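One structure below.
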Amino acid sequence: TETLKKWVGDFSGLTVKNIAPLGRNLPGIKALECDFDKQRNYQNMAFIIQPTNYKSNLIFICYTVDEDAFDPRVGKMINQSVNSINCFPPTTAAKEAKIALGNKNYSAEYQESRQRVIDNIKNLREWWYMEGNNFIFVSNQKNQKNIARLKLDIEHAREVYAKYFPLETELKSISVIKVFNQRDEYLTYVGKDMEWSGGIWSPAKAELVISPIDERFPEKARREIVQQVVFHEGCHQYLFYALGERNPGMWFNEGAAQFFEGVDFRGNLPSYEIPEHHLKKITEIFAARPKKDLNALINMDRDTFYGADKDNNYLLANALMIYLLRGCVAADKPEYAQIAKKYYEAIRNGEDYEEANQAAFEKID
């Protein structure tokens, strides 16, 4: 029990008062309930689940609710969710390895890049790393729970990136995500030009760098903001490596990144919904001036895209990608549904931006 209390405390960042058997029987599992010291503004209910068929596996579940929102009804719902838990035997180690690697072979360069990341933080006080199937996180945050959650989200997002734009090249570098503990640390690291940002993908540093969100925001809002930043910048990172360490054109790169901010994993399968703030702005821009110059957008260079009309260019690239990946499918326009795929394949095959645009939009009015 003392070992479990220490582990739960280290993992959750909470002070554990007691861990005791749950006062009711659950089918197929043994459950323990965790009791914490009272936390200001939050109510926590946590459980340790042990499947009876494979007792070496323990599952920790923690529900954190705003104190103002917590009432007996919420407690009842949490207990009902614990009652509904089913556990299934884990996959074998060999199968796990196959899942992690998929059909790709990790090159010697890839393994070396992974080791470099680990070596670079080895002597840095308070810095640590956490690995997933496709990513390695490095952070100096005190609470590893947030990073574990983020790791799960970005691994899911990567599966969706690959569904739309398959990875067909041998990776030379592991995908690195660096998460700072303080906003000031982030600002010093990214420099004055990026002080407005909440996260950036830096090909030069081979890092996706994330800023912590102000603690004054509610936890749900903080998570949604970080998730959207990571999904957006994670798309840039994925495309860079999937295209042989090349960046696609601005309309494609920013349009795809904005598109993937709307992926959601709350159900059994990923779903897509245009984020409300994107939808509102896109609706406004087309209401003001319905017709846009598509040719100017797809041929726009970096300086122009990020210039005086940057906000509108982001919205237009987003709108175009939403249409190419979702809208034209719903509208039964198969000739348009291949545009994004053709562009992606052209860049992957080494063609320049102009050639890729010609290949993608050939015979398209």
Side-chain angles (χ1 to χ4, degrees), residues 90-121 127-139 141 144-180 199-210 223 226-248 252-253 256-257 259-266 268-272 325 344 347-348:
T91 55
T92 64
K95 189 173 181 181
E96 289 283 4
K98 185 176 180 182
I99 291 170
L101 292 172
N103 295 321
K104 307 164 192 67
N105 295 316
Y106 287 125
S107 65
E109 290 173 291
Y110 182 94
Q111 297 289 2
E112 288 169 5
S113 75
R114 170 189 171 276
Q115 192 58 49
R116 276 197 303 273
V117 174
I118 296 170
D119 291 342
N120 285 342
I121 66 164
W127 281 83
W128 48 271
Y129 70 92
M130 181 184 295
E131 291 188 86
N133 289 344
N134 299 289
F135 296 87
I136 184 166
F137 283 80
V138 294
S139 180
Q141 287 204 350
Q144 296 189 16
K145 179 177 70 172
N146 294 331
I147 306 299
R149 177 187 292 165
L150 198 58
K151 177 169 74 73
L152 186 64
D153 287 340
I154 191 62
E155 290 286 359
H156 283 320
R158 188 184 176 104
E159 293 173 5
V160 181
Y161 305 152
K163 176 183 176 184
Y164 283 95
F165 305 113
L167 179 65
E168 296 183 6
T169 186
E170 185 181 66
L171 294 177
K172 297 179 180 179
S173 301
I174 194 168
S175 294
V176 182
I177 301 181
K178 177 176 283 186
V179 186
F180 284 100
I200 61 167
W201 156 240
S202 171
K205 294 180 178 178
E207 293 175 337
L208 195 170
V209 190
I210 302 297
R223 185 184 179 192
V226 170
Q227 188 182 58
Q228 287 188 357
V229 169
V230 171
F231 286 2
H232 180 110
E233 300 301 329
C235 176
H236 289 321
Q237 184 182 46
Y238 173 82
L239 290 174
F240 178 78
Y241 289 128
L243 293 171
E245 303 193 0
R246 298 178 67 210
N247 289 311
F252 187 94
N253 206 6
F259 174 86
F260 286 114
E261 288 184 32
V263 177
D264 191 286
F265 302 103
R266 281 174 290 190
N268 292 328
L269 296 172
S271 59
Y272 177 80
L325 299 184
Y344 173 76
I347 294 292
R348 191 177 62 202

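The structure displayed is predicted, hence computed values, not measured ones.
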For [X] against [Y], the heavy-atom pair lying closest together:
X      : Y      : answer
Val263 : Tyr272 : N-CD1, 4.0 Å
Glu233 : Gly199 : OE2-O, 3.4 Å
Ile174 : Asn134 : CG1-O, 4.2 Å
Leu208 : Val230 : CD1-O, 4.2 Å
Val176 : Ala206 : CB-O, 3.6 Å
Trp127 : Ile121 : CB-CB, 4.2 Å

Selection residues 110-119 - residue pairs positive for salt bridge (charged side-chain N to carboxylate O under 4.0 Å, His left out), sequence neighbours left out
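Listed once each, the pairs are Arg114-Glu131, Asp119-Lys122.
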
Atom OH of residue position Tyr110 - does it have more than 12 heavy atoms of other residues, nucleotides or ligands inside 6.0 Å?
yes

Are Asn253 and Trp201 packed together at the side-chain level, in the sense that at least one heavy-atom pair is separated by less than 4.5 angstrom?
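A side-chain contact under 4.5 Å is absent here.
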
Answer whether the closest heavy-atom distance between the side chains of Tyr241 and Leu167 falls below 4.5 Å.
no

Between the main-chain N or O of [Y] and the side-chain N or O of [X], is there a donor-acceptor pair closer than 3.5 Å?
X      : Y      : result
Arg158 : Tyr238 : no
Tyr161 : Cys235 : yes
Thr169 : Gly244 : no

Please report the interatomic distance [atom1]([X]) to [atom2]([Y]), rounded to the nearest 0.5 Å.
X      : Y      : atom1 : atom2 : answer
Leu171 : Glu109 : CG    : CD    : 11.0 Å
Gln144 : Met130 : CD    : CE    : 4.5 Å
Gln141 : Asn146 : CD    : CG    : 5.5 Å
Phe137 : Ile177 : CZ    : CD1   : 3.5 Å
Glu159 : Glu155 : CD    : CD    : 7.5 Å
Asp153 : Asp264 : CG    : CG    : 9.5 Å

For Phe231, the ring pair (Phe, Tyr, Trp, His ring centres under 6.0 Å) test, sequence neighbours excluded, returns Phe265

Does a salt bridge link Glu168 with Arg348, judged by any charged N lying under 4.0 Å from a carboxylate O?
yes

Centroid-to-centroid, Phe165 to Phe252, below 6.0 Å?
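Aromatic pair counts; centres sit under 6.0 Å.
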
In this structure, is the centre-to-centre distance between the rings of Tyr164 and Phe260 below 6.0 Å?
yes

Please enumerate all residues that pass salt bridge (charged side-chain N to carboxylate O under 4.0 Å, His left out) together with Glu207, with sequence neighbours excluded.
Lys178

